[in-house]
Participant: 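Sharing a structure below in structure tokens format, with a few things to ask.
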Amino acid sequence: MSNEGIVVIGAGPAGAATALGLARLGEPVVLVGEPRRFAAVEGVSSRVIEALRSLGFERALDAFAPPSPRRANWNGVHAEANSESLVDRQCFDRAMLVDLERLGVQVVRGRVTAVHAEQGRYRIGVDAADRRLALAADFVVEARGRAAPAGGRPRLRGVETVSLLQYWRGPETSPGSTVQSCEDGWMWMAALADGRRYLQLTLDVATASLPAKKALGDYCRARFEAVDAAAAFMADAAPVGEPHARTSTAVLGGEVAGDDWLRVGDAAMAVDPLSGNGIFQALSSALQAPAVVATLRHDPEHGGLARRFHQQRIEHLFHRFARIGRDFYAQESRWSDAPFWAARRSWPDAAPVHAAVTPETVGIDSRPVVKDGRIVERMVVVTPEQPLGVWHLDGVELAPALCALRAAGAGVSPEAVLEARLGLAAPRASQIVGWMKGQGWIS
């Protein structure tokens with residue numbers, strides 16, 4: 001049996017980012033996983049591209065197509081509000097594993113078959129390409145996405161949703177994607193330059209009238225043939241294989257961290273794919289996970305703080321993306337009473353995505369933050385928009401700066417206060433004051 005310190009289970013972006021971060025902290029880490037087994041394509045924004053580039057995933061970036069329009073036919077209106085870069089997830093996942101090895105992370109390509117906890121250690125069974133392996137670890141990071149076992153822990157689930165993904169192939173074309181609403185759900189269609197097409201139909205589990213599995217291919221084809229926007233994706237193309245059905249229900253783990261385990265990515269929270277933020281939310285949930293793991297392993301006296309930090313971040317991200325999806329569903333008013341739309345236009349709550357911030361709503365409190373690769377507690381500025389708190393801006397701690405401005409009162413130059421009280425140079429003081437005004441912290 002191979003003895004490892006930390007084993008990250010899962011080869012998607014959340015697992016990869018966590019494993020890389022741990023390695024850069026000097027932690028003994030092994031990533032175990034394999035690319036997803038079914039063909040799929042996703043679209044990402046430029047901020048995801050930049051995040052991957054900053055992490056050093058050079059080979060993975062080659063899997064992305066150049067930016068193309070993301071069209072939407074929603075509520076009877078056609079729009080091209082933004083662009084996205086399409087990526088074949090299997091190619092992307094394979095490239096990330098190559099990048100990880102190049103960056104010094106130990107990778108075991110294979111499928112985890114069992115995880116057993118016994119006497120403070122984990123025994124992990126792996127089916128690799130040509131052999132079976134047994135690994136031992138004292139810490140496990142669960143990053144197997146929606147397929148990760150819940151371990152009997154409670155979870156918050158959104159409206160039960162299923163997506164049918166049908167892979168097509170046709171002639172070479174210009175890459176692009178379209179999202180289309182329909183009475184009982186929505187469709188997403190994407191085309192890659194080499195002729196691969198991905199047509200996905202998302203429906204309500206409780207009310208969808210789906211045929212037997214062997215008839216799903218004909219069902220999907222008929223549904224897309226009835227939609228004008230799908231014609232460009234189906235032209236001179238034909239389906240390859242059978243549709244792949246997968247859950248796309250939004251799920252939030254009720255407990256995402258323990259003394260010797262952590263959940264990241266879709267294993268911690270999985271959002272409705274309508275948000276189009278799958279890879280972004282996976283990275284967002286994982287970038288600060290290495291500091292949580294390091295704190296749990298080496299600073300057990302701060303273990304509760306680290307667990308609370310990770311839990312709060314995951315919950316905050318989940319509700320933010322859930323509310324973005326809710327508001328997009330609410331824009332479709334043609335079938336507001338239909339079961340699919342009625343169930344989603346008010347879930348998870350009525351809270352706004354972006355809360356109004358005024359100086360009166362801004363406070364200062366103690367919160368967990370990341371400092372030098374560990375979770376520690378510091379005074380931060382808390383607002384309705386940033387309930388987890390903002391610690392610093394470009395190295396300048398904001399709680400002391402706000403305290404100084406409030407103590408000085410009105411009628412005094414805020415820039416002069418920061419120069420005198422915090423010793424900031426005039427340009428930096430001006431930058432901080434301008435940023436605070438832009439955030440609504442000061443008037």
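Numbers here simply count residues along the sequence, with the first being 1.
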Participant: Is the terminal nitrogen or CZ of Arg121 (NZ for Lys, CZ for Arg) located under 6.0 angstrom from the six-membered ring centre of Trp261 and within 45° of that ring's axis?
Facilitator: no

Participant: Quick one: do Arg334 and Glu332 make a salt bridge, cutoff under 4.0 Å?
Facilitator: yes

Participant: Can you tell me how far apart CG (Leu398) and CH2 (Trp391) are? Round to the nearest 0.5 Å.
Facilitator: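 Rounded to the nearest 0.5 Å, the CG-CH2 separation comes to 11.0 Å.
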
Participant: Do Asn73 and Gln180 have side-chain atoms, one donor and one acceptor, less than 3.5 Å apart?
Facilitator: yes

Participant: Ignoring hydrogens and angles, state whether a donor on the side chain of Arg308 or Gln311 is under 3.5 Å from an acceptor on the partner side chain.
Facilitator: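 No.
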
Participant: What's the separation between atom CZ in Arg374 and atom NZ in Lys371, rounded to the nearest 0.5 Å?
Facilitator: 11.5 Å

Participant: Donor-acceptor check, side chain of His310 to backbone of Arg263, threshold 3.5 angstrom: yes or no?
Facilitator: yes

Participant: side-chain contact (heavy atoms from CB on, under 4.5 Å), that's the test. Do Tyr198 and Ser177 meet it? Break it down for me.
Facilitator: CA-CA 9 Å; Tyr198 298 85; Ser177 63; over 6 Å; no

Participant: Identify the two heavy atoms, one from Ala190 and one from Val41, that lie closest to each other, and give their separation to 0.1 Å.
Facilitator: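 Answer, listing the atom of Ala190 first, then Val41: CB-CG1, 3.8 Å.
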
Participant: Is the distance between the ring centroids of Phe224 and Phe233 less than 6.0 Å?
Facilitator: no

Participant: What I want to find out is whether Arg144 reaches Glu142 closely enough, with some N-O distance under 4.0 Å, to be called a salt bridge.
Facilitator: yes

Participant: I'd like to check the salt bridge (charged side-chain N to carboxylate O under 4.0 Å, His left out) partners of Arg36; sequence neighbours left out, ordered by chain and number.
Facilitator: Glu42

Participant: Do Cys182 and Asp184 come close enough that some side-chain heavy atom pair is under 4.5 Å?
Facilitator: yes

Participant: Please name the pair of heavy atoms, one in Gly158 and one in Trp347, separated by the smallest distance, quoted to 0.1 Å.
Facilitator: CA-CZ2, 3.3 Å

Participant: Going by an N to O cut-off under 4.0 Å, is there a salt bridge joining Arg326 and Asp272?
Facilitator: no

Participant: Find the distance between CZ (Phe57) and CZ (Phe64) and round it off to the nearest 0.5 Å.
Facilitator: 11.0 Å

Participant: Show the nearest heavy-atom pair for residues Ser284 and Arg313, with the distance to one decimal.
Facilitator: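 It is O-NH2, 3.2 Å.
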
Participant: Between Thr113 and Asp127, does any side-chain donor sit less than 3.5 Å from a side-chain acceptor?
Facilitator: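 Per modelled atom types, Thr113 and Asp127 side chains form no pair under 3.5 Å.
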
Participant: With the side chain counted from C-beta on, respond yes when Arg367 and Val382 share a heavy-atom pair under 4.5 Å apart, and no when they do not.
Facilitator: yes

Participant: Nearest 0.5 Å, what's the CD-CG distance between Glu242 and Asp218?
Facilitator: 8.5 Å

Participant: Just to verify, what does Arg378 make a salt bridge (charged side-chain N to carboxylate O under 4.0 Å, His left out) with, not counting sequence neighbours?
Facilitator: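 For Arg378, no residue satisfies salt bridge (charged side-chain N to carboxylate O under 4.0 Å, His left out) once neighbours in sequence are set aside.
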
Participant: Grab the two heavy atoms, one from Ala23 and one from Val105, that are nearest each other, plus how far apart they are.
Facilitator: CB-CG2, 3.8 Å

Participant: Looking at Asp204 and Arg344, is any side-chain nitrogen of the basic one under 4.0 Å from a carboxylate oxygen of the acidic one?
Facilitator: yes

Participant: Is a side-chain N or O of Ser83 found less than 3.5 angstrom from the main chain of Pro69, in a donor-acceptor match?
Facilitator: no

Participant: Is any side-chain N of the basic residue among Asp62 and Arg59 closer than 4.0 Å to the acidic one's carboxylate O?
Facilitator: no

Participant: For the residue pair Arg221 / Tyr219, report whether a side-chain donor-acceptor contact shorter than 3.5 Å exists.
Facilitator: no

Participant: Does the Thr249 side chain pair with the main chain of Thr161, one donor and one acceptor, at a distance under 3.5 Å?
Facilitator: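 Flag set: sc Thr249 to bb Thr161 pair under 3.5 Å.
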
Participant: For Gly253 and Arg155, work out which heavy atoms get closest and say how close.
Facilitator: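 Distance-wise, the nearest heavy atoms are CA-CG, 4.1 Å.
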
Participant: Less than 4.5 Å apart, any side-chain heavy atom of Thr383 and any of Thr361?
Facilitator: no

Participant: If we only count heavy atoms from C-beta on, is the Leu210 to Leu164 side-chain gap below 4.5 Å?
Facilitator: yes

Participant: Can you confirm whether Thr247 sits close enough to Val162 that some side-chain heavy atom of one is under 4.5 Å from a side-chain heavy atom of the other?
Facilitator: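 No, side chains not in contact.
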
Participant: As a quick check of understanding, evaluate side-chain contact (heavy atoms from CB on, under 4.5 Å) for Glu385 and His354, giving each step before the final call.
Facilitator: CA-CA 6 Å; Glu385 181 70 2; His354 298 290; 2.8 Å; yes

Participant: Are Arg47 and Glu50 close enough for a salt bridge, meaning some N to O gap below 4.0 Å?
Facilitator: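 Answer for the salt bridge query: no.
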
Participant: Just do the side-chain contact (heavy atoms from CB on, under 4.5 Å) check on Val32 and Val8 with the steps written out, would you?
Facilitator: CA-CA 6 Å; Val32 182; Val8 177; over 6 Å; no

Participant: Taking the six-membered ring for Trp, are Phe328 and Trp74 parallel (under 30°), tilted (30 to 60°) or perpendicular (over 60°)?
Facilitator: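 It falls in the parallel class, under 30°.
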
Participant: Between Arg307 and Leu305, is there a donor-acceptor pair closer than 3.5 Å when you use the side chain of the first and the backbone of the second?
Facilitator: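 Side chain of Arg307 to backbone of Leu305: no pair is present.
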
Participant: Under 3.5 Å, is there a donor on one side chain and an acceptor on the other for Thr202 and Ser163?
Facilitator: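 Checked: Thr202/Ser163 side chains pair up, N/O donor to acceptor below 3.5 Å.
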
Participant: Looking at Arg196 and Asp194, is there a salt bridge between them, counting it only when a charged N and a carboxylate O are closer than 4.0 Å?
Facilitator: yes

Participant: Enter the distance from Thr295:OG1 to Ile375:CD1 here, rounded to the nearest 0.5 Å.
Facilitator: 4.5 Å

Participant: Any idea which heavy atoms bring Val108 and Val126 closest together, and the distance?
Facilitator: CG1-CG1, 4.3 Å

Participant: Is there a side-chain contact between Gln166 and Gln200, using heavy atoms and a 4.5 Å cut-off?
Facilitator: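 Heavy-atom side-chain distance check fails, nothing below 4.5 Å.
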
Participant: Output the distance between atom CD (Glu255) and atom CD1 (Ile314), rounded to the nearest 0.5 Å.
Facilitator: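 Rounded to the nearest 0.5 Å, the CD-CD1 separation comes out at 13.0 Å.
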
Participant: State whether a side-chain donor-acceptor pair under 3.5 Å links Tyr329 with Trp186.
Facilitator: yes

Participant: Inspect the contact between Arg345 and Asp327 and indicate whether a charged nitrogen and a carboxylate oxygen are less than 4.0 angstrom apart.
Facilitator: no

Participant: Under 3.5 Å, is there a donor-acceptor pair between the Ser45 and Glu84 side chains?
Facilitator: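 No, because no side-chain N or O of Ser45 sits under 3.5 Å from a partner of the opposite role on Glu84.
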
Participant: Before accepting this row, confirm whether a basic side-chain N of the pair Asp349/Arg323 lies closer than 4.0 Å to the acidic partner's carboxylate O.
Facilitator: yes

Participant: Using a strict cut-off of less than 4.0 Å between a Lys/Arg side-chain nitrogen and an Asp/Glu carboxylate oxygen, indicate whether Arg89 and Asp93 qualify as a salt bridge.
Facilitator: yes

Participant: If the threshold is 4.0 Å, N to carboxylate O, is there a salt bridge linking Arg297 and Glu27?
Facilitator: yes

Participant: Within the side chain of His316, is there an N or O that forms a donor-acceptor pair under 3.5 Å with the backbone of Gln312?
Facilitator: no

Participant: What verdict does the side-chain contact (heavy atoms from CB on, under 4.5 Å) test give for Phe318 and Val251, after you've listed the backbone C-alpha separation in whole Å, the side-chain angles of each residue and the deciding distance to 0.1 Å?
Facilitator: CA-CA 8 Å; Phe318 176 83; Val251 181; 5.6 Å; no

Participant: Quick check: do Arg157 and Leu252 have side-chain heavy atoms less than 4.5 Å from each other?
Facilitator: no

Participant: Below 4.5 Å, heavy atoms only, C-beta onward: do Ile9 and Val141 meet side chain to side chain?
Facilitator: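 The answer is no; the side chains never approach within 4.5 Å.
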
